[in-house]
Protein chains: 2
Amino acid sequence: MGEERPNLRWGVEQKLQFIEFRLFWEGHVNRSDLIEKFGVSPNQASGDLNRYIALAENNMIYDKSGKTYVRSSCFKPLFLKPDSTQYLAQIRSVAEGVVSPDDAWIGNLPVFDATPAPARGIDPIILRSIVIAIRRVEAIEVLYQSMSAQDPEWRWIAPHALAFDGFRWHARSCCEKSGQYRDFVISRIMDTRQTRAPQKQAMFDIAWEEVIELAVGPHPELSAPQKRAIELDYGMQNGRVSIPVRRALLYYALKRLGLDTEPSARKPQDQQIILLSDPNLSQGASSIGGGIR
Amino acid sequence: MGEERPNLRWGVEQKLQFIEFRLFWEGHVNRSDLIEKFGVSPNQASGDLNRYIALAENNMIYDKSGKTYVRSSCFKPLFLKPDSTQYLAQIRSVAEGVVSPDDAWIGNLPVFDATPAPARGIDPIILRSIVIAIRRVEAIEVLYQSMSAQDPEWRWIAPHALAFDGFRWHARSCCEKSGQYRDFVISRIMDTRQTRAPQKQAMFDIAWEEVIELAVGPHPELSAPQKRAIELDYGMQNGRVSIPVRRALLYYALKRLGLDTEPSARKPQDQQIILLSDPNLSQGASSIGGGIR
DNA sequence: TTGAACCACCCAAAAAGTGGATGGATACGG
DNA sequence: CCGTATCCATCCACTTTTTGGGTGGTTCAA
């Protein structure tokens with residue numbers, strides 16, 4: 001079995017990975033797949049397929065009747081670790097238009113849909129200026145539509161991290177007007193202007209650094225099989241799972257998990273999970289509630 | 001200005017795109033960046049950088065003092081359309097471990113975190129068998145932990161689509177026991193067995209095909225600036241936005257949008273949005289509530 | 001002034017890829 | 001049963017890409 005992996009060029013490695021990806025997920029590869037995906041000649045595609053066979057002898061055989069290379073029963077991936085998350089992320093990327101079906105490695109996309117995340121498009125120039133300010137540890141002047149001011153206002157912020165709350169992207173920043181760390185919703189930034197050194201960079205963003213462990217369990221009023229199903233969903237052990245959350249993101253995490261309302265607001269089957277006592281919670285939730293500007 | 005784009009080989013095109021990606025987002029590229037990312041020799045990297053200059057003359061200049069190629073002021077992308085969604089999706093992919101930092105094109109990753117989505121890992125073999133059943137329009141026997149049965153049970157389902165509810169992945173399937181279309185949570189599938197032709201494939205999955213327009217607006221008790229901020233977040237026009245949702249996913253969509261509880265369950269600032277009357281809603285919600293098994 | 005860290009360029013040789021041509025195996029429709 | 005279409009394999013000469021070994025230039029900082 002030729003299972004050595006010689007030093008291959010990047011392009012060759014990519015093609016071999018592609019062959020293996022298709023073999024695992026679809027069960028077969030064609031010469032024409034390589035031709036379409038990498039724009040090579042039929043000639044070269046033949047060569048690459050045979051190169052793969054030379055390197056991973058028992059993984060693939062040519063099915064003359066099916067006119068295609070098929071995964072053999074003793075297939076063992078050599079260039080790729082099969083990963084569901086990766087496969088599913090690719091489906092989502094295609095559905096969101098981030099990746100064109102031509103660039104995706106999945107050949108035969110299953111029918112797919114997702115609950116809509118009405119994420120407004122972010123101007124790449126604005127996002128870039130924020131990212132650069134984070135990298136350079138600078139303050140940047142942004143035209144921001146806050147929840148309190150009537151119209152968008154120019155204000156100085158010193159961003160230090162990006163955060164995603166499940167819907168929107170935030171720039172975790174020190175607001176130089178109040179001197180406090182807040183979340184600025186990136187889609188509410190209408191424009192950016194100049195940058196300069198931050199006013200007081202010694203201060204720590206404590207709510208960002210502090211990590212709270214959220215103990216979650218199935219709703220106690222569920223039946224035993226219902227509890228078991230929920231435990232499976234969340235990967236719970238002994239009826240509980242511990243979810244680490246930055247305190248700065250606690251408000252959003254609770255909202256996303258559906259734990260931001262009274263337990264009575266939903267039926268147990270809809271609520272599904274509950275918090276298993278969290279000492280920091282009441283303190284954290286109240287001090288975070290006004291964190292968004 | 002040499003702005004023709006000759007037929008380039010796939011590998012070359014990739015490298016030029018990488019150069020442009022780095023130029024746009026980071027503002028600079030090095031020969032060493034190409035060397036690390038594509039494993040080429042310093043020699044070749046020089047060649048590729050000069051090839052880029054030859055093709056996009058005014059986009060990049062060498063800064064001798066900074067010892068790096070920098071984006072010129074009149075930069076115009078030629079091989080890539082800058083896209084925030086793509087950039088942010090890449091950050092998330094790296095954070096989730098889907099893409100290793102070495103494979104990501106972003107050189108200097110900003111500090112980042114997200115609200116946790118406790119998505120349990122899915123066995124790629126199980127996912128593959130579901131995807132194949134969808135593609136082949138087959139029924140498949142799965143060992144499923146339902147919400148009603150005490151222990152996992154073998155049952156036949158005929159899946160036809162994948163769905164993502166914001167947390168979990170579902171296989172939208174015809175349950176051959178009840179003859180009805182339901183959502184099967186993929187992480188609750190413990191194992192799969194044989195496949196066969198589906199029992200009655202003539203039946204349509206009406207709840208899947210039917211698309212409901214969800215009219216959403218800012219919470220009426222918010223102040224005018226607060227409303228304006230929310231309108232920005234969701235891209236609303238004239239205080240409303242219409243979100244299309246398959247009826248099969250309506251239950252999850254409402255949950256994700258925080259619209260599955262009484263409006264009084266949260267303060268207006270936390271609720272943020274409300275439904276602007278939906279005639280199909282009451283009917284839809286009740287008939288979907290039990291859709292998950 | 002010296003070394004380090006960049007980059008440019010020249011050369012011969014290997015590897016990757018193209019285009020054209022020939023041929024084999026299989027399936028499908030008349 | 002025959003012709004045709006569709007896969008793939010292989011040989012050839014040729015081009016492009018890439019490597020490796022050089023040599024040298026510029027800038028910065030110690």
Side-chain angles (χ1 to χ4, degrees), chain A residues 2 4-20 22-23 26-72 79 107-108, chain B residues 2 4-20 22-23 26-72 79 107-108:
Chain A
E4 340 68 66
R5 275 181 55 184
N7 274 355
L8 295 161
R9 301 224 176 123
W10 180 80
V12 179
E13 179 98 13
Q14 291 291 310
K15 287 188 286 185
L16 294 177
Q17 283 189 15
F18 172 77
I19 291 170
E20 204 152 69
R22 282 290 178 90
L23 277 185
E26 324 251 330
H28 52 86
V29 206
N30 273 348
R31 205 169 53 161
S32 57
D33 293 329
L34 283 170
I35 293 171
E36 283 169 28
K37 202 59 61 184
F38 298 96
V40 294
S41 65
N43 214 324
Q44 183 61 24
S46 272
D48 289 325
L49 285 164
N50 285 311
R51 187 193 330 247
Y52 182 79
I53 292 177
L55 291 169
E57 219 173 322
N58 299 98
N59 277 358
M60 180 171 84
I61 45 173
Y62 184 62
D63 174 6
K64 289 176 181 172
S65 153
K67 286 178 180 172
T68 184
Y69 287 91
V70 294
R71 181 182 65 228
S72 77
F79 299 93
N108 211 319
Chain B
E4 338 68 64
R5 275 182 54 184
N7 274 355
L8 295 161
R9 301 227 174 118
W10 181 80
V12 180
E13 179 99 12
Q14 291 291 310
K15 287 187 286 184
L16 294 176
Q17 284 188 15
F18 172 78
I19 291 171
E20 204 152 68
R22 281 290 176 91
L23 277 185
E26 325 251 330
H28 53 87
V29 207
N30 274 348
R31 206 169 55 161
S32 57
D33 293 328
L34 283 170
I35 293 171
E36 284 169 28
K37 201 58 61 184
F38 297 97
V40 294
S41 65
N43 214 326
Q44 182 60 23
S46 273
D48 289 325
L49 287 164
N50 285 311
R51 185 191 335 241
Y52 182 78
I53 292 177
L55 291 169
E57 219 174 319
N58 298 99
N59 277 358
M60 179 170 86
I61 45 176
Y62 185 61
D63 174 7
K64 289 176 181 172
S65 153
K67 286 178 180 170
T68 184
Y69 287 91
V70 296
R71 181 181 65 228
S72 77
F79 299 94
N108 209 319

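Order of the sequence lines sets the chain letters (A, B, ...), proteins ahead of strands, with each chain counted from 1.
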Discussion item. Below 4.0 angstrom, which residues in residues 44-52 of chain B have at least one non-hydrogen atom near DNA chain D?
Written reply: B:Gln44, B:Asp48, B:Arg51
Worksheet entry | Listed partners of A:Arg71 passing side-chain hydrogen bond (donor to acceptor under 3.5 Å, both in side chains), at least two apart | none
Response to the item:
By nearest-heavy-atom nucleotide on DNA chain D, the more 5' of A:Pro42 and A:Arg9 is A:Pro42
Worksheet item: For the helix from C:dT1-D:dA30 to C:dG30-D:dC1, what is the angle between the axes at its two ends, each from 5 pairs, rounded to 10°?
Response: 30°
Discussion item. Distance check, rounded to the nearest 0.5 Å: A:His28 atom NE2 versus A:Tyr62 atom OH?
Written reply: 13.0 Å
Discussion item. For chain B and DNA chain C, what are the first and last nucleotides along the strand, 5' to 3', with at least one atom under 4.0 angstrom from a heavy atom of the protein chain?
Written reply: C:dA4 to C:dT18
Worksheet entry | Contacts of type side-chain hydrogen bond (donor to acceptor under 3.5 Å, both in side chains), residue A:Tyr69, not counting sequence neighbours | none
Worksheet item: So which heavy atom on B:Met60 is nearest to which on B:Ser72, and how close?
Response: N-OG, 4.1 Å
Response to the item:
Taken to the nearest 0.5 Å, the spacing of B:Gln44 CD from B:Leu49 CG works out to 10.0 Å
Worksheet item: Taking side chain as C-beta onward, heavy atoms only, is A:Glu26 less than 4.5 Å from A:Asn108?
Response: yes
Discussion item. Please list all pairs meeting salt bridge (charged side-chain N to carboxylate O under 4.0 Å, His left out) that have one or both residues in residues 34-52 of chain A, counting only residues at least two apart or in different chains.
Written reply: A:Lys15-A:Asp48, A:Asp48-A:Arg51
Worksheet item: Who passes side chain to side chain contact (heavy atoms under 4.5 Å, CB included) against B:Asp63, sequence neighbours left out?
Response: B:Ser65, B:Val70
Worksheet item: If you look at every heavy atom in B:Trp10 and A:Phe38, which pair is closest and at what distance?
Response: CB-O, 3.1 Å
Worksheet item: Does A:Asn30 have any side chain to side chain contact (heavy atoms under 4.5 Å, CB included) partners at least two apart in sequence or in another chain, and if so, which?
Response: A:Ser32, A:Asp33, A:Thr68
Discussion item. Over 60° means perpendicular and under 30° means parallel, so tell me whether A:Phe79 and A:Tyr52 are parallel, tilted or perpendicular.
Written reply: tilted
Worksheet item: Which of residues 29-40 of chain B have a heavy atom under 4.0 Å from DNA chain C?
Response: B:Asn30, B:Arg31
Response to the item:
Contact string for nucleotides 20-30 of chain D, one letter per nucleotide 5' to 3', B = base within protein heavy-atom range under 4.0 Å, S = sugar-phosphate only, - = neither, reads BB----SBS--
Worksheet entry | Separation of A:Leu8 CG from A:Gln17 CD (nearest 0.5 Å) | 10.5 Å
Response to the item:
When rounded to the nearest 0.5 Å, the distance separating CZ of B:Arg22 from CG of B:Leu34 is 8.5 Å
Item to complete: Could you walk me through whether B:Val12 and B:Arg9 pass the side-chain contact (heavy atoms from CB on, under 4.5 Å) test, one step at a time?
Response: CA-CA 5 Å; B:Val12 180; B:Arg9 301 227 174 118; 4.2 Å; yes
Worksheet item: Is there side-chain contact between B:Ile35 and B:Pro42, with heavy atoms separated by less than 4.5 Å?
Response: yes
Fill in: Interatomic distance where NZ belongs to B:Lys15 and C1' belongs to D:dT17 [whole Å]
7 Å
